[in-house]
Every structure is written in C-alpha cells, then in structure tokens.
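Just so you know, residue 1 is the first one in the sequence shown, and it goes up from there.
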Amino acid sequence: METQDAPRHTSTNSPIAPREPVAYLRLMVASTLGMTVFGAVQVVPAVSLDAIGTDLGLNLEHRGAVISLRMVGLVVSLLLVGYLGQRRGKQHFLFWGFLAIAAGKLLGAQSSGYSSILGAMGITGLGLGVVEALVNPLAAQLNPRHSARALNILNGLFSLGLVVGAFTTGGLLDSGHSWRMAFLIWLLPCAVCAVLFLTPHYPRHREETEGASSGASELRRFLGLPLFWVLFVAMVMGGGCEAGITSWAPNYMVKILGASARGGALATIVYGSFMALGRFASGFLVTRVGPVGLMTASAVCCGLTTVGLAGVQSPWAAWCLFALSGLFVACFWPTMLSVASDHISTASTWLFALLSAAGVLGCVIFPWTIGALGDDFGLRSAVLVLPASMVVLLALMVPAARLVRPHRHRAEVVQPH
C-alpha cells in the first residue's frame, strides 16, 4: 500500500497545491535496496574473472574485453535513458532495467564461450546504465530539501553492496561452487527491485506538468553554465580517484608489498567498507559544513592519504591508508550530484546522466593511466596520479564556492505519473 504522506510543495504561481499520492516509502525502499544490489552485481564478474577465464578458455585480452563491454553498455544506456527518462517516466525504465540485469546474469551463467559471455555482459551493462541514470535523480526528487544527505546515504549503500558482492562471490568460489552460481544468486534480488519500482505513484515536478523542455534545449542550457563544467571536471577527478583505488588496491598489495591474494582482497574490502561509512557520515555532515566545505576538506585528506601510499612499507599500514582513502573519497560522487540538483536543475535525469557519464569517464581513464605509468615508472610512482587528482579537485572548489549560492528550494507540485 502506497504511503500518501510524502512532502508536498506549493507552486509559487498557485495558492493551492493539488494533494496527489506519491509512493514515497515504497520508492525509497526500492531505491535503497536497488542501490545495494546495483553495487553487488557490479563486483561479481570482477571477483569471478579468473574462474570465468579458466572455465571458458579466455586469455587476458578477452577477460579485459568482458569487463569493458559491460562499461560500454552502461554508458550508452546511461546517456540514452538520461535523455528519455524524465520525459517518458522512470517507472518502466527502472522495471525493465533491473530485469535486464537479471537476464544478463542468467545468460552469463549459461555462457559456453567468449561470444556468449560478451553478450551477457552487454545486456547487464544496459540494465546497469538505467539504474545509474535514474535512481539518484529519483532520490533527489523524493527528498528535495535534503538531497545531499539522501544521495550520500544512497551511494553509501552502493559501496556496501560492493562489499556484500565481494564477500558472497569470494565465499562461493572458496567453498568450491562454480562462478555460475555467483551469477544466479542475484536473479531474485533483481526481480524484487524491479517489482518495487513498478508503482504508478512517482513524483512529478511542476516543470514536467507544465511542459518539460526538450533534451536538446536542456543540454544547451547546461553547457552554457560555468557550474556545470566545474562539476563535470570534478566528477572526472572524483570518480577517477575512486576507481583508481578500487582497480589497483589488490594488485598494489600483492606486487609492491608482497601480500597474499587474500591480503589483496582485504584491501578492497576495507576500502569499500570505509567508503560506505564515509558516505553515511557525509549525509549528516553536509548539512552542517555545506557541500563545498565537505568536498574541500575531503580532497585535502584524500590527497594526504593517497600520497602516503607511494611510500608505505608494510601491509598493515597500506590497509589503514586504503581504509582512510575510502573514507575521504566517499563524498565526491553523490555530493556533486546533489549540488547539481540544488543549483542547476532539480532531479533532471539528463543532467544526472551527463555528470555520471563524466564520472564513468574518470573510471575508465584513471585505472588505465595508473597501469600505463606503472609499466614505465613503477606502481609506487604511478599511484601519485591519485593525489594529483585531488589537487585539481581542490582547485575546482574555488570557483564552485563562488558559483554555488545559498540553496533556495524550487517550488514543486508533486503528482503521480
């Protein structure tokens, strides 16, 4: 049964706001569960990659292509659904998005060779792009007065999902189960998320009820705003730093510090756990220090901890630094999206998609850059890319502070689709 007590806001042009039902509780439950599942399903192929390659006879290039094709599908879906989602409604996109993830997992578990696993990863990526494009703006739309808090907590659940997925998949593989089972166990959670999102009572903005602008006109408007470009570059830096640590933490532990494979995996687990903790904490701190203040302090602290990685000598010290890096890198992605929502366009799916695509771009560039520099100069020197990104992000906070004005909530009329 849908709740009817979601916050309503009156239009500045109308003395009386229509009181229409919004399934606030159901959509928030769907969003929180969906973001946790979203994080978990993403890490399953990475943890299973060695087992998949051995079973299907894939070389290293083919194994890399399996992950890359999923990323391509994610970006294509992210931009397409971000463009269409606001005008056509989120309800059916999210339903079919989670079903696409489930279908990709099912097909992946039945794969018999390279081409079939590639197809499964492509379908999974399309579903993941839908979730990336729509869940964050939906949460901002449901919580217009506390979007920064809501987005930090929601993305903290994504980090928690990464840890849950890594633990679950690793446990299954260690106990002798096939990697195919690690794919299949996520079918039911994806189906539950799909059903939860299948409600007609979504909120709608006043701008949508009066006739939303076209995606092309929105794009032209965003491209003309200095704040958009500040956030765009900052998303590349923040997302890239986050992905650079995620991608190279296990390898760094094994190759540089001589840790075991389990010790390398532990670096990812403590990093993801502390990133989740950082996002939960950021959701409360941001209301006290402001988004720009929070990101400025986080950039300084993250820069210092990642500089320390270049000179660390013991595995215990490295685990501590990876944990602190996760804690301090946590706020960037969700807080930047909340700034865009509050100061550019409230819950615009197209805006969120563009900025998320910038973050994904960083996720592609930074891991590759660290690897390329590591071949030439060594991995200790290559990880200095991470604090360098924090220096750039810190510099971006100067114009961001000037461009961000005290938040004034836009008037909205909440209506169901």
Side-chain angles (χ1 to χ4, degrees), residues 152 155-156 159 230-231 233-253 255-257 259 263-264 266-286 288-336 339 359 362-363 365-367 369-371 373-374 377-401:
N152 270 287
N155 283 272
S159 303
V230 169
L231 294 174
V233 178
M235 284 290 288
V236 175
M237 296 296 113
C241 184
E242 179 182 324
I245 302 171
T246 304
S247 302
W248 284 101
N251 195 267
Y252 191 87
M253 293 295 302
K255 289 192 174 298
I256 301 300
L257 299 176
L266 182 59
T268 300
I269 290 170
V270 298
Y271 171 70
S273 299
F274 273 78
M275 184 161 63
L277 177 63
R279 283 177 171 163
F280 294 144
S282 296
F284 294 95
L285 288 174
V286 72
R288 292 167 172 80
V289 301
V292 175
L294 177 62
M295 289 190 288
T296 299
S298 296
V300 171
C301 294
C302 187
L304 293 175
T305 56
T306 49
V307 163
L309 289 172
V312 71
Q313 298 297 326
S314 75
W316 281 102
W319 287 323
C320 291
L321 288 174
F322 281 124
L324 290 173
S325 298
L327 185 69
F328 296 128
V329 82
C331 79
F332 298 128
W333 191 297
T335 304
M336 289 172 200
V339 170
C363 294
I365 292 173
F366 274 61
T369 301
I370 291 172
L373 292 175
F377 304 104
L379 206 49
R380 281 192 183 274
S381 298
V383 296
L384 292 175
V385 168
L386 303 173
S389 70
M390 292 297 97
V391 172
V392 175
L393 199 150
L394 192 60
L396 291 169
M397 291 301 101
V398 176

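Scanning all heavy atoms of the two residues, the minimum distance from Val312 to Leu257 falls at O-CD2, 3.7 Å. Taking all atoms of both residues into account, the shortest heavy-atom contact from Asn152 to Cys331 is OD1-CA, 3.7 Å. Between Cys363 and Trp333 the shortest heavy-atom distance is SG-CZ3, 4.3 Å. Minimum interatomic distance between Ala330 and Met275 (heavy atoms only, all atoms of both residues): CB-O, 3.3 Å. Between Phe366 and Ser389 the shortest heavy-atom distance is CE2-CB, 3.4 Å. Between Ser325 and Thr306, the shortest heavy-atom distance links the atoms OG-CG2, 3.8 Å.
Side-chain atoms of Phe322 and Leu266, non-hydrogen and from C-beta on, never get closer than 4.5 Å to each other. Put simply, the side chain of Thr305 does not reach to within 4.5 Å of the side chain of Val329, judged on heavy atoms. The shortest distance between side-chain heavy atoms of Phe332 and Met237 does not fall below 4.5 Å. Looking at heavy atoms from C-beta onward, Leu324 lies out of side-chain contact with Cys301 at the 4.5 angstrom threshold. Using a 4.5 Å cut-off on side-chain heavy atoms (C-beta onward), Ile370 and Leu379 make contact. Contact check for Leu384 versus Leu373: no side-chain heavy atoms found under the 4.5 Å cut-off. Residues Met253 and Trp319 meet the side-chain proximity criterion, which asks for heavy atoms closer than 4.5 Å. Between Pro334 and Ser282, every side-chain heavy-atom pair lies at or beyond the 4.5 Å cut-off.
Side-chain atoms of Tyr252 never come within 3.5 Å of backbone atoms of Ile245 as a donor-acceptor pair (strictly under, hydrogens ignored).
Here Ser314 contributes atom OG and Leu321 contributes atom CG; the two are 8.5 Å apart, rounded to the nearest 0.5 Å. Within the model, atoms CG of Leu277 and OG of Ser159 stand 10.5 Å from one another, a figure rounded to the nearest 0.5 Å. With rounding to the nearest 0.5 Å, the separation of OG1 in Thr296 from CE in Met390 is 11.5 Å. Atom CE in Met235 sits 10.5 Å away from atom CG in Leu393 (nearest 0.5 Å). With rounding to the nearest 0.5 Å, the separation of CG in Leu309 from CG in Leu304 is 11.5 Å.
Heavy-atom contacts from other residues, nucleotides or ligands closer than 6.0 Å to CZ of Phe280 number more than 12.
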